[in-house]
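Below: the structure, in structure tokens.
On a predicted model such as this, the values are computed, not experimentally measured, just so you know. As a basis for the values below, the full set of heavy atoms in this structure was taken, side chains included, without hydrogen atoms, waters or symmetry mates.
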2 protein chains.
Amino acid sequence: MARPKEFEPQIALERAMDVFWRKGFEATSVQDLVNEMGINRASLYSTFGDKHSLFMAALDRYSESVTGPMVEQLQAEGPAKEVISGLFRSLVGGTRASEAQPGCLMTNSAVELCQRCPETAERVTKSMERVSKGFAKVVARGQEAGEIPTSQSPRALGRFLCGALQGLVVLSKANQSRAVLSDYVGVVLSVLET
Amino acid sequence: MARPKEFEPQIALERAMDVFWRKGFEATSVQDLVNEMGINRASLYSTFGDKHSLFMAALDRYSESVTGPMVEQLQAEGPAKEVISGLFRSLVGGTRASEAQPGCLMTNSAVELCQRCPETAERVTKSMERVSKGFAKVVARGQEAGEIPTSQSPRALGRFLCGALQGLVVLSKANQSRAVLSDYVGVVLSVLET
DNA sequence: CCGGTCTTGGAACGAGCGGTCGAGAATGGG
DNA sequence: CCCATTCTCGACCGCTCGTTCCAAGACCGG
């Protein structure tokens, strides 16, 4: 009964997420978004509201399409320690100078916006809780299997691993050297050893 | 032989550093700087150059007045483990919801700018190397004294502690809860135990 | 094949951005 | 005391920001 949209909102949102992921909130202009989402300015505003609302939608989308799968992957079968070390080592491996990985959108947003945007803070906090709990779950499984020492609670270890992940992201932004990241991850994983 | 400046450049720079520290580079306008530095716009430009140059000067100043003393404090006398745990625990303690601590300017800048500003990246990388080496030094001392196990090299532990510090800063931005930060720091410090 | 409804494109808005400029005030050497 | 020099002040520059608006275009039920 009326003209249909010429674009897929989900895809456009995914592209917006990519831009925010790469450049951050402040450094991304609406023109950047228009260019990279491939839609018109008016369509952007009528579909997603203003820049801030679009950013919130991008955070939610990130939570679904990046954080979610990562946490799910943590529940994969196999030795718990290998699941965890696999995640950390894959991040070190992916950090080549050429790739210029954008790190983690939640980490970036935590640093850039959390202190002056409660809506962002709420989403970031929830995301990190989810990651912590995902880690805690696999740690508990590893402890039950006798792989991981029980001197620390799964909850504490989960929180530690979540924070250690944030640290890794920051380090990899600041320092391209794989040696530094390898040393870091090696010590992080050593807390799971007897 | 001419009219002298009515302000102390060092003090003005310190105030600029505070603003950048609190709000980040992009979110700080020149007007913000003019207001908070207490000097005129033209004085700002004639003394510090453009916004980018001023930011670089602020980074250098931060390195001197914040990073430097912190690294020095790491070389204080007393049991090495207590020196390290004191640093971490003081950051947890300082993180009350009311204080709204601005975290670490180097961490913030690493996340916000490192990927698109080589001059920032250089300063951030150097700063983190300094912190890593500071940690490594006190770790080595602790190992020689038999306080800290020697299963990991001082260099690796130094790099780990530096990264763990970044993680702590991000966590404290994202989550006001002291329980989370305490759990995190507890596990971090556990790698220094036998 | 028309009419109503929604999308699209692009111009335009005021506000604020980073940065500049010229006139006037304040200084200290000669 | 005077003048060259420097600093201070606020207006002002062109530009880009996020956002709005409207006319033209595209669609589909009737």
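- Heavy-atom neighbours of B/Gln73 CD from other residues, nucleotides or ligands within 6.0 Å: at or below the threshold of 12.
- Under the 4.0 Å criterion applied to side-chain N and carboxylate O atoms, B/Glu36 and B/Arg22 are assigned as salt-bridge partners.
- Heavy-atom contacts from other residues, nucleotides or ligands closer than 6.0 Å to NZ of B/Lys81 number more than 12.
- Under 4.0 angstrom from either OP1 or OP2 of D/dT8 there lies at least one side-chain N or O belonging to B/Ser43.
- Taking atom CZ on B/Phe48 and atom C1' on D/dC7, their separation rounds to 14 Å, with Å as the unit.
- Minimum heavy-atom separation, B/Glu77 to B/Val83: O-CG2, 3.9 Å.
- In this entry the distance linking CG of A/Leu44 with C1' of D/dC21 reads 16 Å, nearest Å.
- Contacts classified as side chain to side chain donor-acceptor pair (under 3.5 Å) and involving residues 57-72 of chain A (residues at least two apart or in different chains) are given here: A/Gln10-A/Arg61, A/Glu14-A/Arg61, A/Asp60-A/Arg123, A/Ser63-A/Arg130.
- Protein atom CE of B/Met37 is 16 Å distant from nucleotide atom C1' of D/dC9, rounded to whole Å.
- At distances below 3.5 Å, at least one donor-acceptor pair connects side-chain atoms of A/Glu112 with backbone N or O atoms of A/Phe25.
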(message) I'd like to compare against my own output: the B/S/- annotation of nucleotides 11-22 of chain C with a strict under-4.0 Å heavy-atom distance to protein.
(response) ------SBBBB-

Using atom names, set out every protein N or O paired with an N or O of nucleotides 23-26 of chain C below 3.5 Å, distance rounded to 0.1 Å.
unit_1: C/dA25; atom_1: N3; unit_2: B/Arg3; atom_2: NH1; d: 2.9

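- Between the side chain of A/Glu147 and the main chain of A/Ala80, a donor-acceptor pair closer than 3.5 Å is present.
- Cation-pi check for A/Lys51 over A/Phe20 is not met; the charged atom does not lie both under 6.0 angstrom from the ring centroid and within 45 degrees of its normal.
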